[in-house]
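One structure is given here, and the rest of the page talks about it.
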Amino acid sequence: MNRVVAGCVAAAIAAVGLLSIGIAVAPVGAQEAAPSKTLLPGKGADLTMQRCAICHDITHVTRSRLSRDEWEDNIKVMIARGMPIEPHEIPIVVEYLATYYNRDKPPPAAEAPSEQPAGSAAPIAGVLAANGCTACHAAEKRVIGPGFREISAKYRGEGQAAAYLARKVKEGGAGAWGPVPMPPHPQISDNDLARIATWVLQQ
Amino acid sequence: MNNADNAARGSRRDFLGALAGMGASAAVGAALPSAAWGQAAPKPPAQPAGTVSNEAVLAGKDAALKPHSDRPLTASATAEYLGDDVTPTSRHFVRNNLFTPDFDEAKHTVEIAGLVDKPMTLTLAELRARFPEVSTQAMIECAGSGRTGFSPLPRGTPWPASGGMSCSQWTGVRLGDVLRAAGIRSGAVHVAFTGADFGALPTIPKVARSVPVEKAMERHTLLAYGMNGASLPKIHGYPMRLVVPSWAGSASVKWVARIEVLAAPLKGPYMDESYRIPRTPVEPGGRMPADAAMTEGWPVKSIITHPAPNARVSPGKPLLVAGHAWAGEHDISRVELSFDEGRSWRRAELNPAGDKYAWRTFSLAYTPPRAGYTTVLARATDDAGNSQPALAAWNPLGYFWNGWHRIGFVVAA
């Protein structure tokens, strides 16, 4: 760079604010779509949501597309960072993530409604297990979330308690029982939500 | 935080007003649950005790700082908002691992432990009374800064190609002064820093990382309590944090509660499972080699801060092209710019060097020869002769992106 240009640059540095005035910054382009706050429905989605969303928002998953190896490695890292997960649950979560959030292949088409139609007469224990409720809640003692009897004691007798609980199960939330958030469960049918809520309030 | 929230931040008064309204309804709901259980009932507040809400953190930030995730909170501003020589606090990037804790400086202490003759536990006031105050401008950059430059995109916070780095002015005491006062014993190899921040479950391990004794004793490594002339903000580690300049940001532990001198590198998730990088390139999409190295000093890197991407500029007038360059443990020796996709390069002017670990601002007056779309590439070289690569070597955790920064602008006829 020659002296004359260097001098110009020195002046230009001083005038950087001034120069900026003459430059209209184009409007920021449309942002990328925000990552989803719910997981794609599929086998293992509930368990994955529960195990992952305790500590971090689920967008860390929904914006990712990784190979199976990377998901496996990532779960190992998460376990080292305190992820609460039983050994037998690990392959379920990895399989779900590697199926629905895979870099190399698109997720399978949405499955047909399960053989448990809305309002099924399946035993409530099966509904609770199938939807992952019992992964975090037990009858009496606190596991990750409060016990069913604690929930019942807190809300039973309030007007619209069943509707409130059903919505809490569907939408999730945090703060009512401590810092661990309840993940949302958008895939549970309204009828099953009502059954779960009613059953909890009977405990 | 989603993009709807980002949009709302454009009108901060309205946004905060809405939040205040939500808080008030939530409080009513807690007191009178049945009254609030209608269709419009608010969700319960999701703010654990002893923590600062993201809304409160972002209220102290500029709208240019875009959140990338809300739990844990991560946010950065891209290069066109980082033109200041000293990064304003309002635009300093945010990378939490856990919640933003709300500590009281009268109660919070830092413990100096391990291989030292005189272990000690100090409040901020005791620390300040005992050791001389120093101040330095220094780079802090997340190891994953620029991660979205990698293809395929590795896991982790999707830092923009030009976001995740900042260069603020830090005030505190030299960690070396504190360690000398404690008396480092023979056999010391690493010094570990542990943060007091906490997560959703009591079983979640603390954020902890160690660095070699030499880096801990380096005169710019600070136990900091001030940022840009003010008290350290809560989001940046109040009441005290480490500033380990120009190293992977994980070394600059916030809310530091324990400093332990060790005979070996610390073991733990922030040492062994993360912040590792292959010693030689791996096939994109591949796994981390067993002998991967710890991320330490950043490699040479630069960003173009002016003009902004897609700016409209006038033809025939000199345009100031400016930015910053930095090089970890090295000094910058030159920055070159290309306006023809790398066929030819022009050397930019470097501002005088400042503090050892501050970035160097560069600039070049460029008169666009023609109307239309024009691109600029920036390539910095350090005093060891290392130049930025066009694209950084892919690695499984997406660390140390230092590929050429490229922006485009339009010369309007």
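First the proteins, then the strands, lettered A, B, ... as listed; each starts at 1. Note that the coordinates shown come from a computational prediction; the quantities given were computed from them, not determined experimentally.
Looking at B:Tyr270, the atoms closer than 4.5 Å to chain A (heavy atoms on both sides) all sit in the side chain, from C-beta outward. Interface remark: A:His60 contributes side-chain atoms only to the contact with chain B (heavy atom separation under 4.5 Å). Proximity to chain B involves both the backbone and the side chain of A:Arg81, based on heavy atoms less than 4.5 angstrom apart. At a 4.5 Å heavy-atom cutoff, the contact between B:Asn97 and chain A is made by side-chain atoms alone.
Ranked by heavy-atom pairs under 4.5 Å with chain A, the list B:Lys317, B:Met288, B:Arg155 is led by B:Arg155. Among A:Leu66, A:Ile58, A:Asp73, A:Thr59, the residue with the largest count of heavy-atom pairs under 4.5 Å with chain B is A:Asp73.
Ring pair A:Tyr155/A:Tyr164 is tilted by interplanar angle, where 30° to 60° counts as tilted.
Residues satisfying the side chain to side chain contact (heavy atoms under 4.5 Å, CB included) test with A:Pro91, not counting sequence neighbours, are none. For A:Tyr101, the ring-ring contact (aromatic ring centres under 6.0 Å, His included) test picks out no residue, with sequence neighbours left out.
One N or O on the side chain of B:Trp394 and one on the backbone of B:Pro152 form a donor-acceptor pair closer than 3.5 Å. With hydrogens and angles ignored, the 3.5 Å screen pairs a side-chain donor or acceptor of B:Ser162 with a backbone N or O of B:Ala79.
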